[in-house]
Amino acid sequence: MTTTMPMATRVKLSAMMFLQFIMFAVFWAALSTYVNNQGEAWVFWKPWILATYGIGSLAAPLMGMFADRYFNGERVLAFSNALCAVMLFMAARATTGLEVFVCLLVALLFYMPTWGLTAAIAMANSPAEQFPQIRVFGTIGWVSSIVFGFVAMKAFDLKIDGTNIPFYCGAGAAVVAAGVALLCPKTPPKGKGQPFSAVDALGLKAAVMLKDKNFLVFILVSTVAMIPFNIHFAYLGDFLTAKGFEQITAVAYIGQAAEIFCILAVTWAMRKFGVKWSIVAGLAALALRYVTYYFGAGNLTELVYIGILIHGIVFGFLVVGGQVYVGKTAKPEMQGQAQGFYAMCAFGIGTIIGTFFNDALIKAYTVPTKLVEDGDTILMGNWPMIWLVTLGISVVCLVAMALFFNPKKEKTA
C-alpha cells in the first residue's frame with residue numbers, strides 16, 4: 001500500500017463516510033425524547049428500541065464475512081443502505097412501540113455493521129494511517145444533521161425534536177448513501193473462494209485473534225467501556241431535558257463538532273505516543289466526562305457543555321483509534337470480519353448490556369414527571385448518583401487498559 005491515494009478515491013470515500021453517519025445521526029439523538037413523548041404505553045419498549053443499536057451490531061461479523069468472501073464491499077453497503085431507507089420510512093409511519101422496535105431492529109441489523117464495513121472499505125483503498133482523515137467526514141456528516149435540522153425548523157416552522165420527522169430525514173439520506181456507495185472504489189472480496197461455515201457466520205474466525213493477550217484485553221475493556229459510553233449516546237437527552245436545556249439534538253451534537261478536530265489528531269497521536277496511550281487517552285476523557293456531568297447535575301450547569309465537548313476525544317481516540325489498531329493487527333483477508341468482530345463486541349454486546357443497565361440505573365434514581373399537561377416527560381431525580389456509578393465503571397476500564405494493554409510497537413508504528 002502506498003502512502004498516498006488518488007484524489008478521486010479520497011473524495012468518494014469521504015462522501016461515503018459523510019452520508020453513512022448523517023443518515024443515522026438525524027434520528028438517533030432525538031429518539032429517546034420521541035419515545036418519552038408517546039406516553040406510558042411506550043415505556044416498556046423504550047430500552048428495547050434504544051437497544052436496536054446494539055442488537056444491530058451483532059450482525060457485523062456476518063456482513064463482514066459476506067464482504068470478505070462473496071460480494072464487493074461497496075455493493076453490500078449499497079444494499080444495506082437501501083433497505084435501511086425503507087425501514088426508516090416505515091418507522092416514521094408506525095403508531096406503536098412494537099412497530100417502531102421491529103422497524104428499527106431490521107434497519108439497524110443492516111446499518112450498524114456498516115460502521116465496520118466502511119472502515120474496511122476505506123482501509124482497503126487507502127493507507128491505514130490516513131483512515132482518520134477519511135473517517136472525520138463521518139463526523140462532519142453527523143454535525144451537519146444539526147444544520148439541516150435547524151434550516152428545516154426555520155424554513156418550514158417545524159418542531160423536529162420529539163417527532164417522527166427525523167425518521168423521514170434518515171430515510172432520505174439513506175437513499176442517497178446507497179447511490180454513493182455504488183460509486184465507491186471497487187472492493188472485491190479478498191477471501192473469495194473460501195467455503196462458508198458457521199464459524200465465519202458468527203464472526204468466530206476473527207475470534208482467533210483473541211489468542212493475542214493484548215487483543216483480548218483491548219476487546220474486553222472496549223466492551224465494558226461501552227456501558228458508560230452508551231448512557232451518553234442513548235440517554236443524554238433525558239438528562240438535558242431534566243436540566244431544562246432546549247434544542248436537545250443541537251446541544252448533544254456539540255461533542256460531534258469537537259470530534260472533527262480530535263479524529264484528525266488521532267493520526268498524529270498514534271505516531272507520537274503509540275496506540276496504547278492514544279486509546280488510554282480516550283478512556284481518560286470518558287472518565288473526565290462523567291466528572292463534569294456529576295458536578296453539572298448540581299449547580300455547575302456550565303460543566304455539562306464541557307462534558308459534551310469531551311465526546312470528541314472519547315470517540316476519536318477510543319473508537320477510531322481502536323479501529324486503526326484492529327486494521328493494523330488483522331490479516332488482509334480478515335479485515336472485514338475483524339472490524340465486524342470488534343463492532344459486535346463493543347457496539348453489540350457492550351451496548352446491549354449498557355442499554356439495559358443504564359435504563360435500570362436511571363429508573364432507580366429518577367421519576368418520570370410531566371412539565372405541563374400534554375407536555376414533554378422529563379426524568380427528575382438523583383442524576384449525580386447516576387453519574388457517580390458511570391464514573392466508577394469508566395475508571396476501572398481506564399486502569400485495566402493502562403496496566404494490561406501493551407501491543408507490540410511494530411504493529412502500531
Side-chain angles (χ1 to χ4, degrees), residues 54 57-58 60-62 64-65 68 115-116 119-120 123 128-129 131-132 190-191 197-230 266-267 269-287 313-354 357 392-413:
S57 297
L58 295 178
L62 180 60
M65 183 202 66
D68 281 342
W115 285 15
M123 290 188 189
E129 61 270 16
F131 171 69
K190 293 184 178 180
S197 70
V199 172
D200 293 327
L202 295 174
L204 297 180
K205 188 166 185 178
V208 72
M209 296 171 65
L210 294 175
K211 291 181 179 179
D212 180 346
K213 186 214 71 165
N214 290 298
F215 190 80
L216 174 63
V217 171
F218 166 76
I219 289 295
L220 289 176
V221 175
S222 295
T223 300
V224 176
M226 286 300 111
I227 297 175
F229 183 90
N230 169 266
V266 170
T267 301
M270 285 196 165
R271 287 174 176 168
K272 183 72 173 178
F273 304 107
V275 69
K276 172 181 177 173
W277 296 113
S278 297
I279 294 175
V280 166
L283 287 168
L286 184 69
I313 301 175
V314 177
F315 194 91
F317 285 80
L318 177 60
V319 178
V320 178
Q323 287 180 313
V324 173
Y325 168 67
V326 172
K328 283 184 167 290
T329 304
K331 297 178 180 178
E333 66 274 13
M334 202 185 291
Q335 282 292 320
Q337 290 182 76
Q339 292 290 352
F341 180 74
Y342 168 53
M344 179 189 72
C345 293
F347 297 112
I349 297 171
T351 294
I352 292 172
I353 294 172
F357 176 88
I393 299 173
S394 302
V395 171
V396 170
C397 292
L398 170 62
V399 173
M401 190 71 84
L403 292 180
F404 303 112
F405 180 60
N406 296 290
K408 295 180 181 179
K409 291 184 178 180
E410 63 264 29
K411 289 187 178 181
T412 59

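What you see is a predicted model; the values in this text were computed from it and never measured.
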*CG/N230 to CD1/I353 distance, rounded to the nearest 0.5 angstrom?*
10.5 Å

*Identify the two heavy atoms, one from S222 and one from A346, that lie closest to each other, and give their separation to 0.1 Å.*
O-CB, 4.3 Å

*Pairwise distance CG(L283) to SG(C397) - rounded to 0.5 angstrom*: 6.5 Å

*Value rounded to 0.5 Å, distance of CG in N406 from NZ in K213*: 5.5 Å

*asked:* So F218 and D212, do their side chains get closer than 4.5 Å, heavy atoms only?
replied: no

_Could you work out, with side chain to side chain contact (heavy atoms under 4.5 Å, CB included) as the rule, every residue matching V396, not counting sequence neighbours?_
none

*Do you know which two heavy atoms are closest between L286 and P228, and how far apart they sit?*
CD2-CG, 3.8 Å

*Are the aromatic ring centres of Y342 and Y325 under 6.0 angstrom apart?*
no

*Looking only at heavy atoms, what is the nearest atom pair of P407 and K276, with distance?*
CD-CB, 4.1 Å

*All side chain to side chain contact (heavy atoms under 4.5 Å, CB included) counterparts of L216, not counting sequence neighbours*: L210, L220

*Mind listing the closest non-hydrogen atom pair of L318 and A225 along with its distance?*
CD2-CB, 4.5 Å

*Is the shortest heavy-atom distance from the side chain of V221 to the side chain of F405 under 4.5 Å?*
no

*Please list, chain by chain and in numerical order, all residues satisfying ring-ring contact (aromatic ring centres under 6.0 Å, His included) with F273, sequence neighbours excluded.*
W268

*Answer whether the closest heavy-atom distance between the side chains of I352 and L58 falls below 4.5 Å.*
yes

*Work out which heavy atom in A287 is nearest to a heavy atom in S394; give both atom names and the distance.*
CA-CB, 3.8 Å

*Apply side chain to side chain contact (heavy atoms under 4.5 Å, CB included) to A284 and list each qualifying residue two or more places apart in sequence or on a separate chain.*
L398

_Using every non-hydrogen atom in the two residues, find where F317 and S278 come nearest and quote the distance to one decimal._
CB-O, 3.2 Å

_I'd like to check the ring-ring contact (aromatic ring centres under 6.0 Å, His included) partners of F347; sequence neighbours left out, ordered by chain and number._
W115

*When you look at NZ of K331, are more than 12 heavy atoms from neighbouring residues, nucleotides or ligands closer to it than 6.0 Å?*
no

